[in-house]
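Read the structure below first, then the notes.
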Amino acid sequence: MKKTFNTLNIVTTAMLCAVCVVLSAAFHYLQLGSVGALISPMHLPVFLAGILCGPWLGLICGVVSPVASFFVSGATNPRFPDRLIPMIVELAVYGFLSGLLRYVFLKNSKTNKFAAVLALIIAMVAGRVVAAFVSAIFLTLVTTNEVSYFVNLGISMLGKFTSTWVGIIIQLVLIPTILFALKRSGVLVRYTPTLEE
């Protein structure tokens with residue numbers, strides 16, 4: 001997959017990482033933690049990094065952004081380790097899969113028109129599922145009434161999809177809108193990976 005590690009993609013990824021940190025810091029500073037949890041402001045830039053810049057830069061954005069946010073916030077947001085580690089895993093999956101699947105769907109003539117949207121939806125589900133498995137581990141470790149891992153997994157899985165539904169809707173509306181605007185302006189083609197092995 002060509003066109004991935006070039007100056008444009010690297011700079012774009014760095015900018016999207018910065019956007020993640022700024023959005024997280026803004027919600028933290030304004031004490032809008034509950035709103036931030038509902039909207040998931042860090043997710044959107046990571047999805048864009050994967051879709052625009054490819055799976056590996058998307059993965060890097062997904063790992064670096066929450067870690068940078070953690071240190072910028074004074075090691076308080078997201079809380080270590082029970083929130084930070086699942087968030088790193090979740091965002092890394094978002095970035096990697098959205099980039100990888102966009103490339104896969106672009107290669108298929110039946111799906112290439114909807115490649116970014118399909119990649120976004122699948123990555124959304126996969127990232128939340130993987131993060132739920134990791135979160136359940138921490139829930140099980142801190143639970144004092146010996147609740148089983150699978151009960152905690154069910155709780156985590158439900159929470160990952162119900163507590164961020166507003167963010168899911170926002171991402172499903174904004175990301176295709178941003179991509180459409182980039183396409184109309186002729187910018188998107190500069191990010192499209194060459195479909196050659």
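Not measured: the values here are computed from a predicted model.
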Item to complete: Start with the C-alpha distance between Val117 and Phe105, add both sets of side-chain angles, then the distance that settles side chain to side chain contact (heavy atoms under 4.5 Å, CB included), and finish with yes or no.
Response: CA-CA 10 Å; Val117 175; Phe105 290 134; over 6 Å; no

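- Leu59 and Met15 fall into different hydrophobic clusters, where Ile, Leu, Val, Met, Phe, Trp and Tyr are joined by side-chain heavy atoms under 4.5 Å apart, directly or via other members.
- Cys61 and Pro45 make their closest contact through SG-O, 4.4 Å (heavy atoms, listed as atom of the first residue, atom of the second, distance).
- Of all heavy-atom pairs between Val46 and Gly58, the closest is CG1-O, 4.2 Å.
- Here the side chains of Thr111 and Leu106 are not in contact, with every heavy-atom distance at 4.5 Å or above.
- Contact between Leu188 and Leu179 at its shortest, heavy atoms only, is CD2-O, 3.8 Å.
- Rounding to the nearest 0.5 angstrom, the gap separating the CE atom in Met157 from the CZ atom in Phe133 is 4.5 Å.
- Between Pro81 and Phe138 the shortest side-chain heavy-atom distance falls below 4.5 Å.
- Distance CZ/Phe47 to CG/Leu16: 13.0 Å, rounded to 0.5 Å.
- Rounded to the nearest 0.5 Å, atoms CG (Leu44) and CD1 (Ile178) are 5.0 Å apart.
- Separating the CZ atom in Arg83 from the CD atom in Glu90 is a distance of 12.5 Å, to the nearest 0.5 Å.
- Of all heavy-atom pairs between Val93 and Ala126, the closest is CG1-C, 4.0 Å.
- Although no hydrogens or angles enter the test, the distance criterion places a donor-acceptor pair under 3.5 Å between the side chain of Ser98 and the main chain of Gly95.
- Between the CD1 atom in Ile88 and the CZ atom in Phe70 there is a gap of 9.0 Å [rounded to 0.5 Å].
- Checking side-chain atoms of Arg102 against main-chain N and O of Ile51 turns up a donor-acceptor pair under 3.5 Å.
- The side-chain contact (heavy atoms from CB on, under 4.5 Å) test with Cys53 singles out one residue from Val11, Asn9, Leu48, and that residue is Asn9.
- Looking only at distances, no side-chain donor or acceptor of Thr164 sits under 3.5 Å from a matching main-chain atom of Gly167.
- Between Tyr94 and His43, the ring planes lie perpendicular to each other; the angle is over 60°, past the 30° to 60° tilted range.
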Fill in: Worked verdict on Asn108 versus Val104 for side chain to side chain contact (heavy atoms under 4.5 Å, CB included)
CA-CA 7 Å; Asn108 190 321; Val104 170; over 6 Å; no

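- For the pair Ser156 and Ala132, the tightest heavy-atom approach, listed with the atom from each and the gap, is CB-O, 3.5 Å.
- Taking 4.5 Å as the limit, some side-chain heavy atom of Ser148 sits within range of a side-chain heavy atom of Val151.
- With Tyr191 contributing its side chain and Leu8 its backbone, the two residues share no donor-acceptor pair below 3.5 Å.
- Residues Leu23 and Val63 fall into different hydrophobic clusters, defined by Ile, Leu, Val, Met, Phe, Trp and Tyr side chains chained together at heavy-atom separations under 4.5 Å.
- Looking at Ser24, its side chain never comes within 3.5 Å of a backbone N or O of Val21 through a donor-acceptor pair.
- Neither Leu120 nor Val19 shares a network with the other; the hydrophobic side chains, linked directly or stepwise wherever heavy atoms of I, L, V, M, F, W or Y lie under 4.5 Å apart, form separate groups for each.
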Practice prompt. For side chain to side chain contact (heavy atoms under 4.5 Å, CB included), just list the numbers for Leu153 and Leu139, CA-CA rounded to whole Å, side-chain angles, deciding distance to a tenth of an Å, and then say yes or no.
Written response: CA-CA 8 Å; Leu153 177 60; Leu139 273 176; over 6 Å; no

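- More than 12 heavy-atom neighbours from other residues, nucleotides or ligands sit within 6.0 angstrom of CZ on Phe161.
- Smallest separation of non-hydrogen atoms from Arg128 and Lys160: NE-O, 3.1 Å.
- Hydrophobic clustering (ILVMFWY, side-chain heavy atoms < 4.5 Å, transitive): Trp165 and Met87 are in one cluster.
- Atom CH2 of residue Trp56 and atom CG of residue Leu100 lie 8.5 Å apart, to the nearest 0.5 angstrom.
- Leu174 is connected to Ile121 through a chain of hydrophobic side-chain contacts under 4.5 Å among Ile, Leu, Val, Met, Phe, Trp and Tyr, so both are in one cluster.
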